[in-house]
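Report on the following structure.
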Amino acid sequence: MSANTFTLEAAAAANIQVVGSDKGSQAVHDLIVAYQANRRTGSANSKTRAEVSGNNKKIFRQKGTGNARHGDKRAPIFVGGGVVFGPRPCDYSKKVNKSTRRLALRRVLGDLIAASKVSTVSEFSVADGKTKSFIKAVKDLTDAKKVLVVAASFDETTYRAARNVQEVLLMTAAEVNIEQLMNADAVILVDTALETLASRTA
């Protein structure tokens, strides 16, 4: 099993549309920011004076003590009291429209192909499901450290063989995103993925 360098001419022949470095940089930025924002849980939460434990008893009498007048001990100025303007649960997710996603994918694919980081193979599978066999299969294709293998689908034995190899990521052509493409030192496209990528960039 040998890999062939995927060129811009081969991309055009496969109906995969790409753009050069003069277009799409903002789309790539917007989409990466959206990916990172969508991973935020937004679960940071501090308690207000209405939520901290404690009773409403006045801590000392209103007059005659020489101290400032105070109500209950849950006021924000006391240790153990509520927090003023603290973090509350919120939704950080961002929406990116389809045309921006498509433009970003075209730009990233174009950059990778121009940099000769994309190769194609006719098929990719590990029949015995062993990690050792999987590593050998990848090494036969590329010497890159971080590798992304994209196909229309993978069988269960191939997924099982890849489980313990952190440097190699298996993704289907329908689900692969630009963040995964940008993080890879080399991208291996199985021929079965070309049609799906062509439809995603059309």
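Nothing here was measured: the structure is a model prediction, and the numbers come from that model. For the numbers below, each heavy atom of this structure counts, side chains included, while hydrogens, waters and symmetry mates do not.
Here the shortest heavy-atom pairing between Ser125 and Asp155 reads CB-OD2, 3.7 Å. The shortest heavy-atom contact between Ile113 and Ala11 is CD1-CB, 4.0 Å. Nearest heavy atom pair, residue Asp72 against residue Asn55, reads CB-O, 3.6 Å. For the residue pair Arg88 and Lys47, the shortest heavy atom distance occurs at NH1-CA, 4.2 Å. Thr172 and Phe154 make their closest contact through N-CE1, 4.4 Å (heavy atoms, listed as atom of the first residue, atom of the second, distance).
Here the side chains of Phe134 and Asn164 are not in contact, with every heavy-atom distance at 4.5 Å or above. Side-chain contact check for Phe6 versus Ile16: some heavy-atom pair is nearer than 4.5 Å.
For His29, the NE2 atom counts as loosely surrounded, since its 6.0 Å shell holds 12 or fewer non-hydrogen atoms of other residues, nucleotides or ligands. Other residues, nucleotides and ligands contribute more than 12 heavy atoms inside 6.0 Å of the CD atom of Glu51. For Lys23, the NZ atom sits in a loose shell: 12 or fewer heavy atoms of surrounding residues, nucleotides or ligands are nearer than 6.0 Å. Residue Phe85 places its CZ atom among 12 or fewer non-hydrogen atoms of other residues, nucleotides or ligands, all under 6.0 Å distant. In this structure, Gln62 places its CD atom where more than 12 heavy-atom neighbours from other residues, nucleotides or ligands lie under 6.0 Å away. The neighbour count for Asp143 CG, taken as heavy atoms of other residues, nucleotides or ligands under 6.0 Å away, does not exceed 12. When the shell of 6.0 Å around CZ of Arg69 is examined, it contains 12 or fewer heavy atoms from other residues, nucleotides or ligands.
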Is there a side-chain contact (heavy atoms from CB on, under 4.5 Å) between Val19 and Leu103? Walk through the geometry before answering. CA-CA 8 Å; Val19 296; Leu103 177 58; 4.3 Å; yes
Apply side-chain contact (heavy atoms from CB on, under 4.5 Å) to the pair Val126 and Thr157, showing each step before the final yes or no. CA-CA 6 Å; Val126 179; Thr157 56; 5.7 Å; no
Using the side-chain contact (heavy atoms from CB on, under 4.5 Å) rule, take Val28 and Met182 through it: C-alpha gap first, then chi angles, then the decisive distance, then the call. CA-CA 10 Å; Val28 173; Met182 294 173 68; 3.9 Å; yes
Check step by step if side-chain contact (heavy atoms from CB on, under 4.5 Å) holds for Leu169 and Val149. CA-CA 6 Å; Leu169 178 63; Val149 183; over 6 Å; no
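Annotation: the span from Arg49 atom CZ to Phe78 atom CZ amounts to 9.0 Å, rounded to 0.5 Å. Atom CG of Leu181 is separated from atom CG of Leu105 by 6.5 Å, given to the nearest 0.5 angstrom. Note: Arg61 CZ to Asn67 CG = 10.0 Å, rounded to the nearest 0.5 Å. One finds the NZ atom of Lys94 at 12.5 Å from the CG atom of Leu31 (value rounded to the nearest 0.5 Å).
The closest side-chain donor-acceptor pair between Asn38 and Ser93, if any, does not fall under 3.5 angstrom. Asn183 and Glu179 form no side-chain donor-acceptor contact under 3.5 Å, judged by distance and modelled atom types alone.
Considering Arg200, Arg102, Arg106 in turn, Arg106 is the only one that fulfils the side-chain hydrogen bond (donor to acceptor under 3.5 Å, both in side chains) rule with Gln17.
Contacts of Lys73 classified as side chain to side chain contact (heavy atoms under 4.5 Å, CB included), with partners at least two apart in sequence or in another chain: Ile59.
Between Asp111 and Lys117, none of the side-chain N atoms (NZ, or NE/NH1/NH2) sits under 4.0 Å from a carboxylate O, so this pair counts as no salt bridge.
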